Amino acid sequence: MRDTQDLFPTRLERKLGMFERIDPVVHCDEQQRANGPLSEEELDEFDRKGFLSFENFFDKEEMDAFIQELREYEEDEDLKLSEGTVLEPGKQEIRSIFGIHQVSDRFSRLTRDPRLLAMVQQILGSDVYIHQSRINYKPGFKGKGFDWHSDFETWHSEDGMPRMRSLSCSIILTDNGEFNGPLMLIPGSHKQFVPCVGRTPEDNYKESLKSQDIGVPDAASLKKLMLENDIEAPKGDSGSLVMFECNTLHGSNINMSCWPRSNLFFVYNSVENTLHDPYCGNKPRPEFLATRKDYSPLKPVEGKRQEE
Ligand code: 6CS
Ligand code: FE
């Protein structure tokens, strides 16, 4: 019987102080460390900061097909009605499409790109599967922001993810610049777990994916971590990659520019870290938000280059 003890209590009525994470950040053994695609320096940086960024990881030409598919989604009125699509609050613009790897073969194959998979398996030290995928559109002028949060705090509380052995690959689809609401991260924040206050309402995702209220850390904790570590906003052209640890605090501002800031997110979880019942006590969230039906390890797509 698996241990289902809740090591990361959160979403309670009373405020609990932040505490040091229990889990390693880089999970691989010495052999995986030495033989994987990420260098010692890159592994150390990921361990220290809780994220790595790679400009032009994919060629712009490779991205063109994904951008084209993105444009087709934006024109698809039926898509706006599907359960995995979240609209901007009070608007008709798409905010996010969840489960993109479940509906698109092109995006499904991209989750198994050997270059991505090898890095993720090295950091997580095991085979992996997709816990969640999404495209965040953040359209020009209308794209609202995302409040500060730890993804793990949500995935632990609302999806029953037991330990911190998961990471997100954010692939930049439209150039992320200074002014169109790039992803902001607090380096080093992944080393602390910040419990959040407030019970989780049933079906919380119907609100939280539009505007997160429950699961946002308190200002004093955020201020402490910002003063200690500052904030970084890795920018880059289409095809750039930001890989960030499941517990690294992140958020982003509204998009006041005319340029969309559309990013693709693949959330990889270790096959050793599959979901329990939600620790908040609610019923499990839908499959498009949290994979439960199939934890099969991802295998690399054949015929793609392994090394850069
Ligand atoms: O609830 C979730 O799973 C989503 N919420 C946020 C703000 N980030 C992670 C994920 O997309
Ligand atoms: Fe997030």
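Computed from a predicted model, the values in this text were never measured in an experiment. Counting starts at 1 for both ligands and their atoms, following the listed order.
Side chain to side chain, S126 and S270 meet the donor-acceptor criterion of an N or O pair below 3.5 Å. In the model, N247 has no side-chain atom that pairs as donor or acceptor with a side-chain atom of D151 under 3.5 Å. For the 3.5 Å distance criterion, the side chains of T111 and S108 fail to qualify, holding no donor opposite an acceptor. Using modelled atom types, one finds a donor on one side chain and an acceptor on the other under 3.5 Å when comparing Q132 with R134.
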Kindly print each ligand 1 N/O atom paired with any protein N/O atom under 3.5 angstrom away, one pair per line, or none if nothing qualifies.
unit_1: ligand 1; atom_1: 1 (O); unit_2: R285; atom_2: NH1; d: 3.0
unit_1: ligand 1; atom_1: 1 (O); unit_2: R285; atom_2: NH2; d: 3.4
unit_1: ligand 1; atom_1: 3 (O); unit_2: Q132; atom_2: NE2; d: 3.0
unit_1: ligand 1; atom_1: 3 (O); unit_2: W155; atom_2: NE1; d: 2.9
unit_1: ligand 1; atom_1: 3 (O); unit_2: R285; atom_2: NH2; d: 2.9
unit_1: ligand 1; atom_1: 8 (N); unit_2: H149; atom_2: NE2; d: 3.2
unit_1: ligand 1; atom_1: 8 (N); unit_2: D151; atom_2: OD1; d: 3.0
unit_1: ligand 1; atom_1: 11 (O); unit_2: Q132; atom_2: OE1; d: 2.9
unit_1: ligand 1; atom_1: 11 (O); unit_2: R134; atom_2: NE; d: 3.0
unit_1: ligand 1; atom_1: 11 (O); unit_2: R134; atom_2: NH1; d: 3.3

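Residue K223 qualifies as open at atom NZ: its count of foreign heavy atoms under 6.0 Å is 12 or below.
Closest to the Fe ion (ligand 2) among the N, O or S atoms of D151 is OD1.
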task = Could you please spell out the steps behind the side chain to side chain donor-acceptor pair (under 3.5 Å) verdict for Y129 and D294?
result = CA-CA 8 Å; Y129 73 96; D294 179 5; over 6 Å; no
